[in-house]
There are 2 protein chains.
Amino acid sequence: MAEKTLDDLFLDTLKDIYYAEKQILKTLPKMARAAQSEEGRQAFLKHRDQTEVQIERLQQVFELVGKAARGKTCEAIQGIIAEGEEIMEEYKGSVALDAGLISSAQAVEHYEIARYGTLKSWAGQLGLDEAVALLDANLQEELQTDLLLTQLGEASANLKGTKKKIA
Amino acid sequence: MAEKTLDDLFLDTLKDIYYAEKQILKTLPKMARAAQSEEGRQAFLKHRDQTEVQIERLQQVFELVGKAARGKTCEAIQGIIAEGEEIMEEYKGSVALDAGLISSAQAVEHYEIARYGTLKSWAGQLGLDEAVALLDANLQEELQTDLLLTQLGEASANLKGTKKKIA
C-alpha cells in the first residue's frame, strides 16, 4: 500500500464536504418549513439555492483533480443535523423555535467554514490554483451566511423585546 | 407541560457544550500523542489545559442560572471526534498525519465557536451579564486556538516544501 499523502487527505476531505453539502441541501427546506418568521424562512431557502451552486463548484474541483464526484459518509454533519432535528421537534410551537433553528444552522455553517478553510489551504499547497478559487467562493458564502444568521438571531430577539414592551 | 422558552434553549445548549468540552478534554491528549511535530503536540496539550479552565467557566454559568452542571449527549461532537479518530488511524505514519490532525482540531474549534457565539448572544438577551463575560472568555480562546491551528497548518506545509527542495 502506497503511503498516504496530502493529495489523499485533500480528496478524502473533499468527499466529506460533498456528502455534507448534499445532506444540508435536503435539510434546509425542512428548516424553512419549520421557521416561524418570514425572515428565517427566506434565509434558509436562499441558502438552499446557494448550496446547489456550492455542490456544482465541488464537482468542478473533483474534475480538476481527475476524480469522480463521490461523497463519503460524514458523521460530523450527521450529528450536527440530528441535533437540529431534535430542536425542531422539542421546540415546535415554542417562542424559542427560530432561535434554535438559527443556532443549528450556524453549527452547520461553522462546520463548512472549517472544512473549506482547510481545503482551500491544502489546494494552495498542492498548487491547485483553480480549486483555491472555487473553494474560496464557497468559503466566502458560508462566512456571509453565518453573519446573516447572527444578525437574524439578534433582530428576532429585539423584535421579541419590543413585543414584550407592547404587551 | 409549560411552553419552552429561550431559558430552556440556553440551558439545553449549555449542557450540549458542557458534554462536548468533556469529550474534547479526553481527545486532546490522544491527538498530542499522535502528532508528529513538536509544535502540534504542544498546541494540543496547551489547548487541553485551556479546556479544563473552560469547563470550570461553564460550571460557573450553570451556577449563575441555578442549575446543576450536567452534560447532555452531543451527537455533533461525537461525529466530529469520530472523524478525527478515523484520520488518526488511516493516516498513521503518513506525511499528511499532522495536517489531518490540525484539520480535525479546527472542525472541533468551529463547533465550539458556533455554540459559544450563540450562547453569548442568548445570555445577553436573557440579561445574564456575568454569563456573557464567561462565555465570551471561552469564545475568544477558541477563536485564538483556531487562528493558531491555521498558522500551524501553513507553517508545517512550508517546512515540507523546504524539505522537498533540499531532497
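Just the heavy atoms: all of them, side chains too, but no hydrogens, waters or symmetry mates, feed the values below. In the text below, chain A, chain B and the rest are named by the order of the sequence lines, each starting its count at 1. Given the structure is predicted, the values throughout are model-derived calculations rather than measurements.
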Looking only at A:Gly84, A:Ala82, A:Cys74, A:Gly124, most heavy-atom pairs under 4.5 Å shared with chain B are made by A:Cys74

Same apolar cluster (I L V M F W Y, side chains within < 4.5 Å links), B:Val53/B:Val132: no

Please check if the number of heavy atoms outside B:Glu89 that lie under 6.0 Å from its CD is greater than 12. no

Measuring from atom CD1 of B:Ile81 to atom CD of A:Glu75, what distance do you get when rounded to the nearest 0.5 angstrom? 11.5 Å

Report the distance from atom CG of A:Asp146 to atom NE2 of B:His110, rounding to the nearest 0.5 Å. 9.5 Å

Please classify the contact of A:Asp12 with chain B as side chain, backbone, both or neither, using a heavy-atom distance under 4.5 Å. side chain

When every non-hydrogen atom of B:Ile80 is compared with those of A:Ile80, the smallest separation belongs to CD1-CD1, 4.5 Å

Please determine, among B:Trp122, B:Tyr111, B:Phe10, the option with the most heavy-atom pairs under 4.5 Å with chain A. B:Trp122

Below 4.5 Å, heavy-atom pairs only: which of A:Gly100, A:Ser103, A:Gly93 has the largest tally toward chain B? A:Ser103

Got a second to check how far B:Glu3's CD is from A:Leu97's CG, nearest 0.5 Å? 10.0 Å

Specify the closest pair of heavy atoms between A:Ala114 and B:Ala107, including all atoms of both residues, with the distance to one decimal. CB-CA, 3.9 Å

Side chain, backbone, both or neither: which part of A:Ser94 has an atom under 4.5 Å from a heavy atom of chain B? both

Quick check on A:Asp8 against chain B: is it the side chain, the backbone, both or neither that has a heavy atom closer than 4.5 Å? both

Check each atom of A:Gln106 against the heavy atoms of chain B and say whether the ones under 4.5 Å are side chain, backbone, both or neither. both

By a 4.5 Å heavy-atom criterion (distance strictly below it), what part of A:Lys92 contacts chain B: side chain, backbone, both, or neither? neither

Are the side chain of A:Glu154 and the backbone of B:Ser121 linked by a donor-acceptor contact shorter than 3.5 Å? no

Let me check something: do A:Tyr18 and A:Leu11 share a hydrophobic cluster, defined by ILVMFWY side-chain heavy atoms less than 4.5 Å apart, either directly or through other members? yes

When you group the ILVMFWY residues by side-chain heavy-atom contacts below 4.5 Å and let the links chain together, are B:Ile55 and B:Leu64 in the same group? yes

Structural part of A:Ile87 lying under 4.5 Å from a heavy atom of chain B: side chain

Please answer: with hydrophobic residues joined when any side-chain heavy atoms are less than 4.5 Å apart, are B:Leu143 and A:Leu149 in the same cluster? yes

Main chain of A:Leu9, side chain of B:Tyr91: is a donor-acceptor contact present, judged purely on distance under 3.5 Å? yes

What part of A:Glu86 lies closer than 4.5 angstrom to a heavy atom of chain B: side chain, backbone, both or neither? side chain

As an exercise, state the distance from CD of A:Glu83 to CD of B:Gln78, rounded to the nearest 0.5 Å. 9.0 Å

Any chain of hydrophobic side-chain contacts (each under 4.5 Å) joining B:Leu148 to B:Leu139? no

Hey, is CD on B:Glu130 packed in by over 12 heavy atoms from elsewhere, all under 6.0 Å? no

